[in-house]
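In what follows, chains are A, B, ... by sequence order, proteins preceding strands, each numbered from 1.
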Amino acid sequence: MNHCFRTRVLAIVTKIPRGRTLTYHEVAERAGSPGAYRAVGNVLNKNFDPKIPCHRVIRSDGTFGGYNRGARAKAQLLASEKRG
DNA sequence: GAGCTGACATGTT
DNA sequence: CAACATGCCAGCT
């Protein structure tokens with residue numbers, strides 16, 4: 001929260017409730033820099049922490065985008081969570 | 001300390 | 001409508 005941009009992004013993504021998806025732009029905005037959506041993806045990419053549901057972060061277009069564990073898994077998880 | 005990289009977004013062709 | 005090119009920001013090497 002009071003640390004670098006990456007710490008805030010991770011905290012925000014961790015707070016994303018199940019069945020809910022945020023866009024990189026949304027996360028960046030909550031992080032304090034709506035124009036840093038680029039950095040958001042950069043942070044999540046390096047972040048291999050399973051404690052962080054980075055798969056709940058999608059592109060503004062509504063597409064899944066990418067995922068360090070595999071874009072396929074990301075789509076699977078989102079589909080599974082959306083269905084409940 | 002400077003430069004390169006990238007899971008994006010927006011605009012134009 | 002789809003593809004290409006440019007701009008933006010923070011992190012990593």
Give me the atom names and distance for the closest heavy-atom approach of A:S60 to A:T23. CA-CG2, 3.9 Å
List the atom pairs, donor and acceptor, that lie under 3.5 Å between side-chain atoms in residues 63-75 of chain A and the rest of the protein, sequence neighbours left out.
{"from": "A:N68", "atom 1": "ND2", "to": "A:N47", "atom 2": "O", "distance (Å)": "3.0"}
{"from": "A:K74", "atom 1": "NZ", "to": "A:Y24", "atom 2": "OH", "distance (Å)": "3.4"}
{"from": "A:K74", "atom 1": "NZ", "to": "A:V57", "atom 2": "O", "distance (Å)": "2.4"}
{"from": "A:K74", "atom 1": "NZ", "to": "A:F64", "atom 2": "O", "distance (Å)": "2.4"}
{"from": "A:K74", "atom 1": "NZ", "to": "A:G66", "atom 2": "O", "distance (Å)": "3.1"}

Expected list for residues 25-34 of chain A near DNA chain B, using heavy atoms below 4.0 Å, is none
Counted 5' to 3', the first and last nucleotides of DNA chain C within 4.0 Å (strictly under) of a heavy-atom of chain A are C:dG7 to C:dC12
Over all strands shown, is A:G65 touching base, sugar-phosphate only, or nothing at heavy-atom distances under 4.0 angstrom? nothing
Residues passing the salt bridge (Lys or Arg N to Asp or Glu O under 4.0 Å) test with A:R6, sequence neighbours excluded, are none
Interatomic distance, A:I52 atom CD1 to A:I12 atom CD1 [nearest 0.5 angstrom]: 11.5 Å
Does any donor-acceptor pair link the side chain of A:Y24 with the base of B:dA9 at a separation under 3.5 Å? no
Name the pairs: protein N/O against N/O of nucleotides 11-13 of chain B, kept only if under 3.5 Å.
none

Sequence neighbours excluded - salt bridge (charged side-chain N to carboxylate O under 4.0 Å, His left out) pairs with any residue from residues 44-67 of chain A: A:R56-A:E81, A:R59-A:D61
Base, sugar-phosphate alone, or nothing: which one does A:A39 contact when heavy atoms must sit under 4.0 Å apart? base
May I ask you to say what A:N68 touches in the nucleic acid, namely base, sugar-phosphate or nothing, with a heavy-atom cut-off under 4.0 Å? base
Checking side-chain contact (heavy atoms from CB on, under 4.5 Å) against A:L22, which of A:I16, A:V13, A:I58, A:V40 comes through? A:I16
Rounding to an integer number of Å, can you tell me how far A:F64 CZ sits from B:dA7 P? 18 Å
Taking only distance into account, with no hydrogens and no angle test, what donor-acceptor pairs under 3.5 Å do side-chain atoms of residues 29-37 of chain A form with protein atoms, sequence neighbours excluded?
{"from": "A:R30", "atom 1": "NH1", "to": "A:E26", "atom 2": "OE1", "distance (Å)": "3.1"}

To the nearest 0.5 Å, tell me how far A:L10 CG sits from A:R8 CZ. 11.5 Å
How do A:Y37 and A:R6 order along DNA chain C: which one's closest nucleotide is nearer the 5' end? A:Y37
Does any residue of residues 47-59 of chain A have a heavy atom under 4.0 Å from DNA chain B, and if so, which ones, in number order? A:C54, A:R59
